[in-house]
Amino acid sequence: MAITQQQWIYAQRPQGTVGPSHYQLHTQPLDTSLAPGEVLIAARYFSVDPYMRIGQSAKATYDPQPHPLGVVQQGGVVAQVLASKASAFASGDWVHCYTGWQTHARVAAAELTLLDSTVAPVTTALGVLGMPGRTAWFGLTEAGRPHAGEVVVVSGAAGAVGSLVLQFAKRHGARVLGIAGGAAKCAWLRDTLGADWAIDYRDHADPDSMGAAIKALTGGVDVYFDNVGGMVTDAVLPLINRRARIVICGQISQYSGGLDTPPPGPRLLHHMLYQRATMQGILARDYVHRMDEMTRIVAPWVRAGEIVFEESIIDGFDQLPSALNALFTGEHRGKLLVKA
Ligand SMILES: NC(=O)c1ccc[n+]([C@@H]2O[C@H](COP(=O)([O-])OP(=O)(O)OC[C@H]3O[C@@H](n4cnc5c(N)ncnc54)[C@H](OP(=O)(O)O)[C@@H]3O)[C@@H](O)[C@H]2O)c1
């Protein structure tokens, strides 16, 4: 079978915003002869995630080394099997893998997870039943530990992780404030996801103004699930209640340059002292071995239509670098994917 493979090669470290100029498109014929145990896949959906921008920082992050230059952009993929020399996979099967931003690849069978498209749409393997779902579930239940009646504040609440945290917190009986950019997203948080309150952070020029709005709605914060950092966090921290739990999931407002040279900011940790609060960073990969546990709980909610898992799908492999940039301009709701 003759196949032309396309690959987005990560070519240059961005100083600020990432975009197409930091990638090169390579097009070449792919040798499709398979060794025993190998599978030939065609990527159908690509995950576009903020961690990709973290890995582009020149410094060590949760990975000891930054994403290397000159190789395919790493990332999660939902693909279909085109040919197989592994007994567990047959042509036409849907799989999840980490082959990154390339249209086709030869992969060892051990690196593939078989997907059952009758259980849930295959794209959910990159969203609610994949890494973002795992992050939201374990971040909230292990670090946030919300109780019924408590106030949970979620930043980045209209995104892949945040939209799930919001709904999981509601299922725990919490009262939930979602913070997101724009009136339309805030209406979606309230009307579709069931948030008790929503705040558009772009309506506020400084943390004091946003903090006053959060206090007026909630009275105080028991759990803060933070996806964005920066000014939003500066607004929330002075409002924490006694023994509040602060979950540091992401700091996307800092990724485009602020990781290497953090801007000076308010020093607010005295509120942690006053309120005997805890702050915990959480990482999805620490819970990979508990994926089945999360799936057992969340998949039935997905099948029953009790969880909203919106997917924003951009068409075209050529759009991948621009799509990564779009995470920072906030044009999508829910999980951002690119369709091959
Ligand atoms: N710890 C982990 O293991 C783990 C795993 C997955 C994700 N994360 C983190 O969780 C966060 C959300 O990830 P995701 O995949 O769910 O992405 P996402 O929320 O679907 O997309 C990113 C969103 O961030 C918001 N944003 C961008 N720049 C911002 C800024 N300067 N200030 C405030 N909001 C900003 C935008 O929404 P608005 O329109 O609302 O601005 C954008 O839609 C990220 O920080 C990511 O790094 C962590």
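Order of appearance sets the numbers: ligands from 1, and atoms from 1 within every ligand.
- Counting only residues at least two apart or on different chains, the side-chain hydrogen bond (donor to acceptor under 3.5 Å, both in side chains) pairs with a member in residues 142-151 are Glu142-Arg290, Glu150-Arg245.
- Asp93 places none of its side-chain heavy atoms less than 4.5 Å from the side chain of Gln80.
- Proximity of Lys335 to ligand 1, defined as any heavy-atom pair under 4.0 Å, is not found for any part of the residue.
- Close to ligand 1: Met131, with a non-hydrogen atom less than 4.0 angstrom away.
- Contacts between Val161 and ligand 1, counted as non-hydrogen atom pairs separated by less than 4.0 Å, involve both the backbone and the side chain.
- Of the options Pro50, Pro132, Ser47, the smallest heavy-atom separation from atom 14 (P) of ligand 1 is shown by Pro50.
- For Lys185, every heavy-atom contact with ligand 1 shorter than 4.0 Å involves the side chain, none the backbone.
- A salt bridge links Asp49 to Lys335: one of the charged nitrogens lies within less than 4.0 Å of a carboxylate oxygen.
- A salt bridge links Asp196 to Lys170: one of the charged nitrogens lies within less than 4.0 Å of a carboxylate oxygen.
- Looking at Ala160 next to ligand 1, an N or O pair under 3.5 Å apart turns up.
- If you check which protein heavy atom lies closest to atom 29 (C) of ligand 1, you get Ile252 CG2, 3.8 Å.
- In this structure, Trp301 and Phe168 have tilted ring planes: the angle between them lies in the 30° to 60° band.
- Residue-level proximity to ligand 1 for Arg202 is carried by the side chain, the only part with a heavy atom below 4.0 angstrom.
- Of the candidates Cys249, Gly250, Ala284, it is Cys249 that places a heavy atom closest to atom 48 (C) of ligand 1.
- Residue nearest to atom 42 (C) of ligand 1, selected from Asp226, Asn227, Leu327: Leu327 (by heavy-atom distance).
- For the pair Leu336 and ligand 1, no heavy-atom separation below 4.0 Å is found.
- Residue Ser256 places every heavy atom at 4.0 Å or more from ligand 1.
- The shell of residues lying under 4.0 angstrom from ligand 1, judged by heavy atoms, excludes Gly230.
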